[in-house]
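The structure under discussion appears below in the form of structure tokens.
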Amino acid sequence: MKRRFFCMLLVLTLLPTPALATGDAVTRGDFLLLLWVVHGGVPFDKTAHPFTDLEGREDLSQAVAWAYDLGLTKGVGRDLFAPDRPLTREECAHFLRRSDSLLGRDTFLPDGAAGCNENRDISPWSDDSLYWACVTGRMNWRDGRLAPLAPVAPPELEDYFSLELELYPNALTCLSSI
């Protein structure tokens with residue numbers, strides 16, 4: 001219970017954006033900023049990314065450069081990251097799966113496992129990541145469906161990051177020093 005409370009406090013403190021205040025969708029920048037902080041918020045060269053839409057965005061540049069360096073994000077094309085675009089469930093799942101893979105967690109899912117489940121709505125670059133996230137419990141189903149293009153809502157962040165805090169108990173120490 002303390003971890004869930006701390007997680008929501010973290011979300012509300014780090015992301016005082018209008019979207020979170022009104023309950024609208026979480027942005028791509030919001031999510032990577034939180035993921036970076038939960039993983040220790042290691043200082044990183046703010047210019048170590050190719051994205052031209054992060055100029056003047058000191059709040060996100062380190063986090064996105066960190067994620068880019070680790071291969072968690074490749075942007076949306078044309079040297080853009082689109083930090084203010086709402087994060088879709090398939091993007092979120094892809095970020096989580098890449099993160100888990102880099103950390104040595106099992107992310108295996110047989111090729112085509114999601115083929116019977118709304119496959120027409122899933123972007124080719126997302127592969128089976130959303131299906132993997134839902135069947136492994138990293139993300140919740142939406143009314144029994146994958147809903148790949150649905151935006152991630154702020155309450156969902158509580159679930160994603162409370163799990164991260166369970167997986168990384170030392171993150172609480174890192175977060176308290178920020």
Side-chain angles (χ1 to χ4, degrees), residues 3-4 7-8 10-12 14-15 17-41 49 51 53-54 57 59-60 63-77 80-103 105-109 113-114 117-168 171:
R3 285 180 195 257
R4 287 185 81 73
C7 185
M8 270 322 287
L10 168 71
V11 169
L12 294 173
L14 285 177
L15 303 175
T17 65
L20 292 177
T22 62
D24 290 340
V26 173
T27 67
R28 292 169 45 83
D30 291 340
F31 187 82
L32 280 188
L33 180 62
L34 275 174
L35 190 62
W36 175 65
V37 169
V38 168
H39 285 256
H49 61 75
F51 308 122
D53 56 350
L54 293 175
R57 298 293 303 266
D59 58 332
L60 296 175
V64 173
W66 166 82
Y68 178 77
D69 184 65
L70 290 176
L72 297 178
T73 187
K74 296 176 184 175
V76 297
L80 298 174
F81 175 70
D84 299 319
R85 190 176 83 190
L87 178 73
T88 65
R89 288 175 45 82
E90 68 181 355
E91 288 174 317
C92 182
H94 208 63
F95 288 149
L96 289 172
R97 190 174 190 186
R98 284 181 176 177
S99 175
D100 282 5
S101 179
L102 287 169
L103 293 168
R105 295 194 198 116
D106 183 14
T107 59
F108 175 76
L109 193 64
N117 218 328
E118 299 176 65
N119 193 38
R120 69 187 181 284
D121 295 334
I122 296 174
S123 301
W125 55 262
S126 183
D127 55 58
D128 291 336
S129 293
L130 183 54
Y131 187 74
W132 164 83
C134 289
V135 298
T136 60
R138 289 293 272 137
M139 293 176 68
N140 295 322
W141 296 86
R142 281 260 181 103
D143 299 320
R145 300 179 57 86
L146 293 172
L149 302 179
V152 173
E156 291 175 286
L157 287 183
E158 180 182 350
D159 294 332
Y160 306 155
F161 288 105
S162 63
L163 177 59
E164 289 295 314
L165 290 173
E166 288 175 26
L167 295 172
Y168 304 105

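As a basis for the values below, the full set of heavy atoms in this structure was taken, side chains included, without hydrogen atoms, waters or symmetry mates. Keep in mind it's a predicted model, so treat the numbers as computed, not measured.
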Item to complete: Supply the atom-to-atom distance Leu80 CG to Leu54 CG, rounded to the nearest 0.5 angstrom.
Response: 9.0 Å
Discussion item. Please report the interatomic distance OG(Ser129) to CE(Met139), rounded to the nearest 0.5 Å.
Written reply: 10.0 Å
Worksheet item: Which atom pair, heavy atoms only, marks the closest approach of Val152 to Cys92?
Response: CG2-CB, 3.8 Å
Discussion item. One pair to check against ring-ring contact (aromatic ring centres under 6.0 Å, His included): Trp66 and His39. What are the steps and the verdict?
Written reply: CA-CA 10 Å; Trp66 166 82; His39 285 256; 5.8 Å; yes
Worksheet item: Of the non-hydrogen atoms in Leu35 and Leu72, which two are nearest, and what is the gap between them?
Response: CD2-CD1, 4.1 Å
Worksheet item: Rounded to the nearest 0.5 Å, how far apart are OH of Tyr131 and CH2 of Trp141?
Response: 5.5 Å
Worksheet item: Cys134 and Asn140: which non-hydrogen atoms are nearest, and at how many Å?
Response: SG-O, 3.8 Å
Worksheet entry | 4.5 Å side-chain heavy-atom contact, Leu32 and Leu60 | no
Discussion item. Working to the nearest 0.5 angstrom, can you tell me the gap between Phe108 CZ and Asp128 CG?
Written reply: 10.0 Å
Worksheet item: Has the side chain of Arg97 got a donor or acceptor atom that lies under 3.5 Å from a matching backbone atom of Trp132?
Response: no
Worksheet item: Does Thr27 reach the main-chain N or O of Pro83 with its side chain, forming a donor-acceptor pair under 3.5 Å?
Response: yes
Discussion item. Treating Asp53 as the side-chain partner and Ala82 as the backbone partner, does any N or O pair qualify as donor plus acceptor under 3.5 Å?
Written reply: yes
Discussion item. Please check this pair: side chain of Asp143 against backbone of Arg145, looking for a donor-acceptor N/O pair closer than 3.5 Å.
Written reply: no
Worksheet item: Hey, mind stepping through Arg85 and Glu91 against side-chain contact (heavy atoms from CB on, under 4.5 Å) and telling me if it holds?
Response: CA-CA 11 Å; Arg85 190 176 83 190; Glu91 288 174 317; 2.3 Å; yes
Discussion item. Could you work out, with salt bridge (charged side-chain N to carboxylate O under 4.0 Å, His left out) as the rule, every residue matching Arg98, not counting sequence neighbours?
Written reply: none
Worksheet item: Considering all heavy atoms of both residues, which atom of Leu130 and which atom of Arg89 are nearest to each other, and what is their separation?
Response: CD1-O, 3.8 Å
Discussion item. Holding to ring-ring contact (aromatic ring centres under 6.0 Å, His included), I want the full list of residues that pass it with Tyr68, two or more places apart in sequence or in another chain.
Written reply: Phe51
Item to complete: Identify the heavy atoms of Glu156 and Pro151 that sit nearest to each other, and give their distance.
Response: OE1-O, 3.9 Å
Item to complete: Specify the closest pair of heavy atoms between Val76 and Phe81, including all atoms of both residues, with the distance to one decimal.
Response: CG1-O, 3.8 Å
